[in-house]
Undergrad: 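My questions all concern the structure below.
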Amino acid sequence: MDKRKSIPALFSAAVLSAAIGYLLFWFTASWIEADNRERFEHLARNAQYMIKARLKGYIDVLQGGASMLRTTGTPSRKLFHRYVDGLDLPKHFPGIVTVNYAHRVKRNELAGFLAHMRAQPVGGPDGYPPFALKTPGEQDEHEVIVMIDPIRTWSERYGHDILARGYEDVSDHLRDSGEMTSSGYPMPILRDRLNMGMAMRLPIYRDGMPTTTVQERRAAYMGSVGIGFSMPRLVQDVLNEMGADDVRLSVVDADAGVLLFDSAATRSSLEPPRPIADQHTFVTKVDIPFTGRTWHAWFSTRKRDAYTHFDASVPWMAGAAGFVVTMLLSALFQTMATSRRRALHLANLMTRELRESQHRLEVSHQKLRGLAAHADHIKEEERKRIAREIHDDLGQNLLALRIEADILCSRTARSHPRLHARARATMEQIDTTIKSVRQIINDLRPNVLDLGLSAAVEWLIADFRRRTGIACDLVDGNHDVTADDHCATAFFRILQESLSNVRRHARATKVQVELLCVDGTLSMTVADNGQGMPPGGREKANSFGLVGIEERVKILGGTFEVTSGPGWGTVITVSVRVKTPEAPEFPELVPDELTVLGSEITDELLT
């Protein structure tokens, strides 16, 4: 191929390969990003389910404490401690840092309540300090924490009035609705600003008192049990269980707009900037219900942290593979195109040579067919000449010899019996020879052909019936079938060959020959009821009968068709266009014609 054409093709292949490599890189990177995004969102949903499950466990702790306190009637520090100790908080509920009970006291009950609480033992196995009501001023009602566990860590909360810090509305709603509630805002645990916690409380009503209406619930209200849990323990433990070290989690109270937890928070920056989804970061948000409120949990991570080494390398591998494969395919297509052009050029040359060879072959076939036709014509003329010479010379000599033998036989019938017998035997031998000569003449060229094709066909069919004993019928719809000598001789020879094939191969019991001339088309059909030709019978080696028939028909410019099958016989159909013969003229007889006429008279005498 020309080098000037190969350079643009190489440049085009490089551009196409680069484009396909980039598309594969982009597609693979997008697919990996979508897969990692889906995996990250699935990770966030798992964290959501785990946080919900932990909060449900905290609610179960509250409900169990409320049931225990309601059934005992009179709260007991020892019983409360046993309940909390049985929960095994560090093992089963590591996020819960305290469980407490706050008793509701009205102003007129305050003196007796204080006396009862101050009478409680100090220290001992419970570890409670002396009771002191921690209320900044006088108020109508108090809800004082009278039991808290673990007491050693939360002793300063012992005696704390939860209504004294603006919790009156929340507590009254808790009492009147009977529903669990929360503080609604985070509170520091152990004076640690990073270790923020949330509080949950559940109302407790005196056992056996009705709680259907608000008034009944107010009358039966005894106090509330509450827990305090650490947001970092709750959330960070979930992240640790998920193995998400590179994931940032921010929890926001959607109702109050308060940040409850941020894994990226530090002492200098308690509320870092909110993560924003961009081309480098995965960000997703899930909602967590919490005692009638909603938390928004924001999960974020850098994409490079979410990707594995394989994920990061696959797009580059796909792009490189696309580039290389496209270049190889381009080279292959270029090679195939070049080979195709060369093959087409070679095919054109071969086609031209083939057409020329085919033309020469057709010319050769035409010459061979013409030669065959000429040879056939010469053969027929030679047969005719030999038959006429045998008829004119040998036939007349045999006839004269028979006449002499007949005269001799007549004259010696009485006077010379032995000579008469010899003459009679000689005359019979002459008659046998005359019959043989007549058969030879008929085999070479039957004289009946001079009477027309129809007469010749009738004679041949009668001779076939006589010699084979096979029934053979002629269907001649037009008795004045005429054709030139060449065509009539060809049809006679075709019928002769067809009947010979029937006699030798068909095993038929009946043959039907149909000879018709319609609209200038002479057709002949030979049908037998024999065994038919087996598959491939026409291609049998050394079988030239049908081939000869087909060649005779082609010389005449006609059509030839053979229909056969095992068990239903064979049908041979021949059709040739013939010219309508002109009306015969009767010129004066010339000496040669007189000779022919004499030959015909001799033939009649021989017969």
Undergrad: Sequence neighbours left out, what passes side-chain hydrogen bond (donor to acceptor under 3.5 Å, both in side chains) with H416? Give chain and number order.
TA: none
Undergrad: Applying side-chain contact (heavy atoms from CB on, under 4.5 Å), name anything that partners A488, two or more places apart in sequence or on another chain.
TA: L453
Undergrad: For residues 8-31, dump all side-chain donor-acceptor pairs below 3.5 Å to protein atoms at least two apart in sequence or in another chain.
TA:
residue: S12; atom: OG; partner: P8; partner atom: O; Å: 2.9
residue: S17; atom: OG; partner: A13; partner atom: O; Å: 2.7
residue: S17; atom: OG; partner: M327; partner atom: N; Å: 3.2
residue: T28; atom: OG1; partner: L24; partner atom: O; Å: 2.7
residue: S30; atom: OG; partner: W26; partner atom: O; Å: 2.8

Undergrad: Checking D463 now: which residues fulfil side-chain hydrogen bond (donor to acceptor under 3.5 Å, both in side chains) with it, not counting sequence neighbours?
TA: R466, R467
Undergrad: Sorted by first residue and then second, give each side chain to side chain donor-acceptor pair (under 3.5 Å) pair with at least one member in residues 418-432; sequence neighbours left out.
TA: R402-D431
Undergrad: If I take atom CG from residue L460 and atom CG from residue L495, how far apart are they, to the nearest 0.5 angstrom?
TA: 4.5 Å
Undergrad: Listed by chain and number, what are the salt bridge (charged side-chain N to carboxylate O under 4.0 Å, His left out) partners of R39, not counting sequence neighbours?
TA: D311
Undergrad: I'd like a table of donor-acceptor pairs (distance under 3.5 Å, sequence neighbours excluded) in which one partner is a side-chain atom from residues 511-526, with atom names and distances.
TA:
residue: T521; atom: OG1; partner: R577; partner atom: NH1; Å: 2.9

Undergrad: With sequence neighbours excluded, what pairs up with Q496 under the side-chain hydrogen bond (donor to acceptor under 3.5 Å, both in side chains) test?
TA: R493
Undergrad: Please list, chain by chain and in numerical order, all residues satisfying side-chain contact (heavy atoms from CB on, under 4.5 Å) with A47, sequence neighbours excluded.
TA: V238, M242, F299
Undergrad: How long is the gap from OG on S454 to CG on L474, to the nearest 0.5 Å?
TA: 7.5 Å
Undergrad: Can any side-chain N or O of Q531 pair as donor or acceptor with the backbone N or O of H505 at less than 3.5 Å?
TA: yes
Undergrad: I'd like to check the side-chain contact (heavy atoms from CB on, under 4.5 Å) partners of R340; sequence neighbours left out, ordered by chain and number.
TA: L344
Undergrad: Should R360 and S357 be marked as a side chain to side chain donor-acceptor pair (under 3.5 Å) after you check the CA-CA gap, both sets of side-chain angles, and the distance that decides it?
TA: CA-CA 5 Å; R360 290 194 297 269; S357 300; 3.2 Å; yes
Undergrad: To the nearest 0.5 Å, how far apart are OG in S498 and CD1 in I549?
TA: 3.5 Å
Undergrad: With sequence neighbours left out, write down each residue that passes side-chain hydrogen bond (donor to acceptor under 3.5 Å, both in side chains) with K285, or none if nothing qualifies.
TA: D287
Undergrad: Restricting to side-chain contact (heavy atoms from CB on, under 4.5 Å), what partner residues turn up for R411, sequence neighbours left out?
TA: I407
